[in-house]
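See below for the structure under consideration.
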Amino acid sequence: MSKAHFGLIGLGVMGENLVLNAESKGFSSVVYNRTYSKTESFLKGRGLGRDISGAIDLQDFVNRLERPRRILMMIKAGSATDAVIDQISPFLEEGDLLIDGGNSEFRDTERRVKKLESQSFGYIGMGVSGGAKGALEGPSMMPGGTKASYEAIESLLKKMAAQVEDGPCVTYIGPGGSGHFVKTVHNGIEYGIEQILSEAYDLMRRIGGMTGSEMADVLGHWNKTEELSSYLVEITEICMRTKDTDGGDIIEKIMDKAGQKGTGLWTVLSALELGASVPTIYASLNGRVLSSLKEERLFAESILKGPSIKTFDIGDPSEGMIPLMDAVIVSTIVCYAQGMELMRIASNEYNYSLNMPSIAQIWKGGCIIRSRLLKRIQEAFSADPQLPNLVIDPWFADQVNKRLSNLANVVAGAAQAGVPVPCLSSSLDYINSYRTGRLPQNLVQAMRDCFGSHTYQRVDKEGVFHTDWID
Ligand code: NAP
């Protein structure tokens, strides 16, 4: 029996679709899953008639692969990944390549790379985005590790990846855990945009009194614009338009408690550690945390009286609700800006040498945050690879300048109406802080010096100063 080109461990939603993708590109495959019955039902189902065989155990799996072996793990992140690495390592030989395509914490990947580098096989930590459909039709992939290991898998990944006008949505990200770090930030941006769109929905529903179909029409309009055309706006329109079996809007039947698997939290923790400011992403994480307190919120609703809902101008649906659309555009730009900024800072701190235009390029297709804005982001960082913040690139600055007052109006109106808009308001505060040459942190410094003699710098002369403050 001829040996397979490609091996896949983990027949979850992602693994199943990725192996079908690889096989469809001409890579005969072998699959292994901890629970063998899943392997059997896959081979009798979607895997039937394809050049895919199933292995009973890891020894059998490794034996069925041609050398050097190319193995992708798509399993639960954390201890499960460590367990599988430990189980398969004894069977791997010089030149073999093991890829972790799960959502691993980038520090886990750093640790594994260090440990496995002393062995003879290669190891890649690769972020994969695109969900089930992306995995099947072409995801965006973010591989990190040694360049030599990447080159050993490059041709396979380029064929499997989503394709956009300037190439496949995969590139070498950098050393160590950089691939998983970039995927983590991708997910942080994803959290932010999902929350921004959810806040827009809440305003359309509560302030605009709109039905699902009416909201879907507005989202359909937004999705035709250069600034908002994106996968997330596209699926938001679908979510708004979809009806339940009784003909009502299904969205209104869904429990308002959002789940999370950790990548948003890791983005925020990394940002805090690195001193990167990501308040829009942080607000989206807090939004999910507060949403999970359903019972408490229902109780508090009867005690805490906000302002009675006042209506305000969020725009005319037949014109695409311009004030609300502007608020969403600026907040979305700010969300991408914060993610890019976090990656720039992390790249310096961890010596990842991240190529920002390339990262924007591979996010243009296949992944959850794909959007037309990413072409502009790619251009902005190509024009200035050291761009300190996306919002000062001329095209983005123009967008912010012409739409900021509408964001301010929407946030002010929402505040007066008692409708929470944590991401919209964080984005507004972020821009207002970033564009303010003199912030009030001189007072923070004064207080710190007053109570703790922490000293301060002055605006009018060099040096470090302390004042004997009056008691
Ligand atoms: P999943 O539900 O996260 O993981 C299921 C797979 O992990 C199954 O094959 C399961 O085997 C295996 N597994 C769990 N614990 C194991 C252990 N201790 N030892 C060996 N195998 C173990 O599936 P998924 O949604 O396809 O995700 C796979 C990975 O991709 C995850 O890291 C996920 O975070 C990441 N990811 C998911 C998406 C998505 O949209 N779902 C997108 C990007 C990345 P059994 O069948 O035996 O339980």
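Counting convention: from 1, in listed order, for ligands and their atoms alike.
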Checklist entry - Do R370 and S140 have a side chain donor and acceptor closer than 3.5 Å? => result no
Checklist entry - Do S291 side-chain atoms and A258 backbone N/O form a donor-acceptor pair below 3.5 Å? => result yes
Checklist entry - Which residue and non-hydrogen atom of the protein lie closest to atom 29 (C) of ligand 1, and at what distance in Å? => result I75 O, 3.4 Å
Item to check | G131 to ligand 1, any heavy atom closer than 4.0 Å | outcome: yes
Next on the checklist: Below the 3.5 angstrom mark, is there an N/O of V13, backbone or side chain, next to an N/O of ligand 1?
Outcome noted: yes
Item to check | Option set H186, R34, E16, criterion heavy-atom distance to atom 22 (C) of ligand 1, minimum | outcome: R34
Item to check | Ring-ring centroid check Y336 F396, cutoff 6.0 Å | outcome: no
Item to check | Test of ring centre spacing under 6.0 Å for Y172 and Y150 | outcome: yes
Checklist entry - Is the closest basic N to carboxylate O distance between E234 and K133 below 4.0 Å? => result no
Next on the checklist: Does any N or O of ligand 1 fall below 3.5 Å from an N or O anywhere on L11, backbone included?
Outcome noted: yes
Checklist outcome for this item: ligand 1 to A80, heavy atom cutoff 4.0 Å, flagged ligand atoms 15 (N), 16 (C), 17 (C), 18 (N)
Checklist entry - Which protein heavy atom lies closest to atom 47 (O) of ligand 1, and at what distance to 0.1 Å? => result T35 OG1, 2.5 Å
Checklist outcome for this item: atom 10 (C) of ligand 1: closest protein heavy atom, distance to 0.1 Å, is N33 OD1, 4.3 Å
Item to check | Test: R241 and E237 ion pair at under 4.0 Å | outcome: yes
Next on the checklist: Does E165 form a salt bridge (Lys or Arg N to Asp or Glu O under 4.0 Å) with K375? I'd like the steps, not just the answer.
Outcome noted: CA-CA 10 Å; E165 78 279 1; K375 186 168 189 290; 5.1 Å; no
Checklist entry - Which protein heavy atom lies closest to atom 20 (C) of ligand 1, and at what distance to 0.1 Å? => result V84 CG2, 3.5 Å
Checklist outcome for this item: If you scan protein heavy atoms around atom 5 (C) of ligand 1, the nearest is G12 CA, 4.3 Å
Item to check | Within 45° cone and under 6.0 Å: R288 NZ/CZ vs Y191 ring | outcome: yes
Item to check | D86 with K115: basic N within carboxylate O range, under 4.0 Å | outcome: yes
Checklist entry - Taking heavy atoms and a distance under 4.0 Å, where does A83 meet ligand 1: side chain, backbone, both or neither? => result neither
Checklist entry - What residue among R372, R403, R376 forms salt bridge (Lys or Arg N to Asp or Glu O under 4.0 Å) with E227? => result R403
Checklist entry - Does any N/O atom on S129 come nearer than 3.5 Å to any N/O atom on ligand 1? => result no
Checklist entry - What's the shortest distance from atom 3 (O) of ligand 1 to any protein heavy atom, and which residue and atom give it? => result K76 CA, 4.2 Å
Checklist entry - Between atom CD1 of I52 and atom CZ of R46, what is the distance when rounded to the nearest 0.5 Å? => result 9.5 Å
Checklist entry - Under 4.0 angstrom from ligand 1, any heavy atom of Q87? => result no
Checklist entry - Which part of N103 is near ligand 1, with near meaning a heavy atom under 4.0 Å away: side chain, backbone, both or neither? => result both
Checklist entry - Any non-hydrogen protein atom below 4.0 Å of atom 1 (P) of ligand 1? => result no
Next on the checklist: If you take the nearest heavy atom of each of M74, K183, M14, K38, which one is closest to atom 25 (O) of ligand 1?
Outcome noted: M14
Checklist entry - Would you say A77 contacts ligand 1, with heavy atoms under 4.0 Å as the rule? => result yes
Checklist entry - Of the backbone atoms (N, CA, C, O) and the side-chain heavy atoms from C-beta on, which set of T81 has a member under 4.0 Å from an atom of ligand 1: side chain, backbone, both, or neither? => result neither
Next on the checklist: Using the rule side chain to side chain contact (heavy atoms under 4.5 Å, CB included), only one of D96, L98, L97 pairs with Y123; which is it?
Outcome noted: L98
Next on the checklist: Can you report which non-hydrogen protein atom sits closest to atom 43 (C) of ligand 1, along with the distance?
Outcome noted: V128 O, 3.1 Å
Checklist outcome for this item: Note: I9, heavy atoms under 4.0 Å from ligand 1, region reported as neither
